[in-house]
S.K.: 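Would you mind keeping the following structure in view while I ask a few things?
In this text, all values refer to a predicted model and were calculated from it rather than measured experimentally. Scope of the values below: all heavy atoms of this structure, side chains included, with no hydrogens, waters or symmetry mates.
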Amino acid sequence: MGDVISFQKAKEKKEVEDELYQSRARIAEARASIEEYWKNVEKEEEEWFKERFGERYSEDIPVIDSMPDVAKIQYLSIGMLKLVPDIFHHKDWITQYDTWLYFYELYILEFYPVWNDYIEKNKKFEKPYPYKFKPMMKNKLEEDLKDCLEQLIKLYPEKTDKDKTSIMYQGARLFEIDEILFDLFYKELIE
């Protein structure tokens, strides 16, 4: 004969199972709520961007999946370069910030993965970049950002191995500039 489970123990076990089930249901509901929240935020950002920049930029950055990596780098650099004036010179700080945020997302989500793939394919031409991450004045930062993006634009198509090295170097430079820009906007945001 097996163990006999008392009514009280069975009741307690059932309560624990019910609480666990309810807890899991609350977690699933919270996750769904959070996902819905972020979908709404993303949709609002897309609508804001289309409203603010739609005609000026939307056609400049089409779907580029079929392009070689270096062409994608050039194309994304052209799009990011067009954002630079509003990052540094728009009279409304919120617009500067929102434009930079779009620039940052474009860099992180589109440019960086392509540049990283490019490095993997051309590793033997890579030269170390001397990262410093020193803060810069806004006008110098803008100057360097424009120069870096213009260099990336003009290096396509690569004519020599030196051009491949330069593309990787400028991509590393863009990473550094983007980090400095991130710090600058973060400081301004908390002040």
S.K.: Are the side chains of Q96 and I87 in contact, using a 4.5 Å heavy-atom criterion?
M.R.: no

S.K.: Give a yes or no on whether a salt bridge exists between D144 and K140, defined as a side-chain N under 4.0 angstrom from a carboxylate O.
M.R.: yes

S.K.: Is any side-chain heavy atom of K164 closer than 4.5 Å to a side-chain heavy atom of D161?
M.R.: yes

S.K.: If hydrophobic clusters are built from ILVMFWY residues whose side chains come within less than 4.5 Å, do M136 and Y186 share one?
M.R.: no

S.K.: If hydrophobic clusters are built by linking Ile, Leu, Val, Met, Phe, Trp and Tyr wherever their side-chain heavy atoms come under 4.5 Å apart, do M137 and L145 end up in the same one?
M.R.: no

S.K.: Under a 4.5 Å cut-off applied to non-hydrogen side-chain atoms, are I94 and D98 in contact?
M.R.: yes

S.K.: Measure from the ring center of Y118 to the ring center of W115 and say whether it is less than 6.0 Å.
M.R.: no

S.K.: So, for M67 and A71, which heavy atoms are closest and what is the spacing to 0.1 Å?
M.R.: CB-CB, 4.1 Å

S.K.: Are L149 and F111 packed together at the side-chain level, in the sense that at least one heavy-atom pair is separated by less than 4.5 angstrom?
M.R.: no

S.K.: State, yes or no, whether a side-chain contact exists between C148 and Y169 at a heavy-atom distance under 4.5 Å.
M.R.: no

S.K.: Check this for me: does any side-chain nitrogen of one of E176 and R173 sit under 4.0 Å from a carboxylate oxygen of the other?
M.R.: no

S.K.: Determine the interplanar angle of the W100 and F185 rings, folded into 0 to 90°, and report it as parallel if under 30°, tilted if 30 to 60°, perpendicular if over 60°.
M.R.: parallel

S.K.: Search all heavy atoms of K134 against all heavy atoms of I180 and return the closest pair with its distance.
M.R.: O-CD1, 3.2 Å

S.K.: Side-chain contact test, heavy atoms from C-beta onward, threshold under 4.5 Å: evaluate it for L174 versus Y107 and give yes or no.
M.R.: yes

S.K.: Kindly give the heavy-atom pair with the smallest separation between V114 and D69, and that separation in Å.
M.R.: CG1-O, 3.4 Å

S.K.: According to the interplanar angle, ranging from 0 to 90°, do the rings of F175 and Y131 count as parallel (below 30°), tilted (30 to 60°) or perpendicular (above 60°)?
M.R.: perpendicular

S.K.: Indicate the atoms forming the closest heavy-atom contact of F103 with L83, along with that distance.
M.R.: CA-CD1, 3.9 Å

S.K.: Quick check: closest heavy atoms across E150 and L81, and the distance to 0.1 Å?
M.R.: CG-CD2, 3.9 Å

S.K.: Taking the side chain as every heavy atom from C-beta outward, state whether D117 and K72 have any pair of such atoms under 4.5 Å apart.
M.R.: no

S.K.: Take T99 and F88 through the side chain to side chain contact (heavy atoms under 4.5 Å, CB included) test and state the conclusion after the steps.
M.R.: CA-CA 9 Å; T99 307; F88 291 96; over 6 Å; no

S.K.: Tell me, yes or no, whether the heavy-atom count around K138 atom NZ, taken from other residues, nucleotides or ligands under 6.0 Å, exceeds 12.
M.R.: yes

S.K.: Would E142 and K146 pass as an ion pair if we require N to O under 4.0 Å?
M.R.: yes

S.K.: Specify the closest pair of heavy atoms between F125 and T165, including all atoms of both residues, with the distance to one decimal.
M.R.: O-OG1, 2.5 Å

S.K.: Do L76 and Y112 come within less than 4.5 Å of each other through their side chains, counting heavy atoms only?
M.R.: no

